[in-house]
Each structure stands twice: as C-alpha cells, then as structure tokens.
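Accompanying notes for the structure given below.
Every number for a ligand or one of its atoms is a count from 1 in the order of the listing.
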Amino acid sequence: MRIARFSHDDVPQYAFVQYDEAEEKDYLVALDGYPLGGSRVNPTGERYALDADGIRLLAPIIPSKIYGLAKNYEAHAQFMHEAGHSEIAHAPEDMMIFMKPSTSVIGPDDPIVMPGASHDMNYEPEVAVVIGRIAKNVPVERAMDYVLGFTCTNDVTLRDLQKLDPMWTRAKGFDTACPLGPWIQTELNWRDARISFSLNGEDVPEASGTTANLIHGIPEQIAAISSYATLLPGDVILTGTPHASGSLKPGDEAVVHVEGIGSLRNVVVQG
Ligand SMILES: CC(=O)CC(=O)C(=O)O
C-alpha cells in the first residue's frame with residue numbers, strides 16, 4: 001500500500017495511491033482523516049490523477065522528530081575519509097546518530113534552499129523509515145512491528161558548516177534539508193532496497209547502493225534509538241547514505257530513487 005499526502009487547491013489531505021490498470025496511471029484515492037497511529041480512515045469518494053490541475057504531492061509526513069544515521073555504510077565511511085572528512089570519525093560498531101527538526105522537511109518538487117552561510121552543500125540519497133506506533137525500549141526482534149513504511153529521502157548536508165559545528169545543527173537542520181517522498185510505501189524488501197541518485201538527469205552510479213550493506217540494520221536502529229527516546233507515530237529515521245555524496249548548487253535537479261518506493265525530485269535554489 002502507498003500512502004500519500006497531497007493538496008487539492010491548497011487543502012492538505014491524505015490518500016492511498018492506486019494504480020488504475022485500464023488507464024495505466026496512478027490515482028490518489030482521497031481519505032477523510034490521518035492514517036497513522038491506528039486511526040480509522042475512509043475514502044471520501046474523491047479520486048484524482050497525480051497530474052490533475054490543482055493537485056500537488058506534499059511530504060508524506062511531518063514528523064515530531066527525525067533521527068539520522070551517519071557513516072552507516074562502509075563504502076560511505078571510506079568515501080568520507082578519502083574526501084578529507086576524517087575529522088568526522090567514529091568506531092563503526094558505534095551508531096553515529098543526529099537529528100533534524102520537523103521544519104527541515106519538504107516534499108516532492110519543493111525547492112531545496114541553499115543557505116547563504118554555506119558554499120558547500122551535498123546530496124545524500126537514502127531510505128527513510130516511518131514509524132507507525134509508539135516505540136519505547138523495543139527489542140530488535142520486534143522492531144519491524146513498529147514500522148508503518150518507507151519513503152525516499154535526501155539527507156542534504158552543508159559540509160563546510162559540518163566541519164565548523166560539532167553538533168551539525170546548522171549543517172543538517174536548516175529549512176529544506178530533509179526532502180521526503182513521494183509517499184510512504186508499506187511493503188518493501190527493506191533488507192535489500194536499491195538506492196540510486198541522478199543529478200540534472202545524469203545517473204550518479206557512485207552514489208548508489210543497497211540497504212543490504214547497512215552496518216547497523218533497520219531493526220537495530222529502531223531498537224537503539226527507542227532505548228533512549230520514545231519514537232512517535234510519524235517519526236522518521238534516515239538510515240544512512242550508501243556511498244559517495246556530492247555537490248549540489250543552485251539550479252541543480254536532484255532525484256533520489258529507491259526501488260520499490262519511487263522517486264523524489266527537488267531543485268536547488270539560492271537562499
Ligand atoms: C557525516 C555525514 O554527514 C554522513 C551521513 O549523514 C551519512 O548518511 O552517512
């Protein structure tokens with residue numbers, strides 16, 4: 001099942017995304033409520049084509065909080081070392097966890113606004129996990145029971161400010177630093193989901209990878225985070241970027257693709 005948030009003539013609403021075999025395209029089946037945290041929702045009877053006038057996909061969720069894993073793939077840790085970011089060092093057996101605020105979230109096709117304080121913005125394509133139930137002290141074996149689904153993300157990072165600030169608050173928490181979308185996919189081969197990235201229409205193979213190569217897997221991430229913080233329905237975990245990251249400049253079009261979910265497109269503008 002795919003759960004989307006969209007606006008129709010600027011009014012936000014949830015929907016299931018359904019493929020119409022006869023028309024060979026996706027439709028939004030509008031819902032009357034908030035389909036998270038066990039709430040009951042019903043179709044309103046309205047259905048819209050994704051490309052209909054006045055329809056716009058929004059970030060599928062506005063989380064209370066977003067956690068992210070850094071250097072959670074050996075290939076990315078190696079890339080960062082070779083790119084001269086060796087000051088961001090940690091033992092691979094330890095999880096390196098950071099946060100992004102809810103105000104960093106944007107949706108599909110929303111602009112990524114490069115702050116004037118930075119001259120070095122990077123893309124980081126990733127799989128994001130969306131929590132479906134209150135999770136506290138969850139054991140690894142039961143962690144996936146707390147997941148509603150998965151979406152694509154770009155963990156946009158200001159490398160120059162990341163070097164300056166030990167807390168990464170500005171580097172990863174600025175407005176628009178967390179594109180999410182295009183929707184929440186509830187079924188995914190999360191043990192081996194392929195992530196790819198394109199920049200200005202060109203595939204960037206060195207940025208691609210698969211969750212099969214995560215150092216700390218998704219159940220382990222949920223167990224570790226919920227051991228010190230309560231995860232609420234709608235909270236999001238950015239699972240780590242698989243390999244190379246690279247420069248984003250005003251005018252660039254960034255597309256994160258996760259097999260089994262879809263594509264998340266954003267264009268960079270100067271702030
Ligand atoms: C140091 C980083 O910014 C790396 C990061 O966030 C990751 O996904 O890995």
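Connectivity analysis of hydrophobic side chains (ILVMFWY, heavy atoms under 4.5 Å, direct or indirect) links M167 to nothing; its cluster partners are none. In the hydrophobic clustering, where aliphatic and aromatic side chains (Ile, Leu, Val, Met, Phe, Trp, Tyr) are joined below 4.5 Å either directly or transitively, L232 groups with I134.
Residues that satisfy the salt bridge (Lys or Arg N to Asp or Glu O under 4.0 Å) test with K172, not counting sequence neighbours, are E124, D155.
No hydrogens or angles considered: nothing links the side chains of H76 and T241 as a donor-acceptor pair under 3.5 Å.
When heavy-atom distances to ligand 1 are checked against 4.0 Å, the residues falling inside are L69, A70, K71, H76, M80, I88, F98, E124, E126, D155, R159, Q162, W168, K172, G240, T241, ordered by chain and number.
Taking the six-membered ring where the residue is Trp, H243 and F79 present perpendicular rings, their angle passing 60° and hence far from 30°. Below 30°, between 30° and 60°, or above 60°: for Y228 and Y67 the angle between ring planes is above 60°, a perpendicular geometry.
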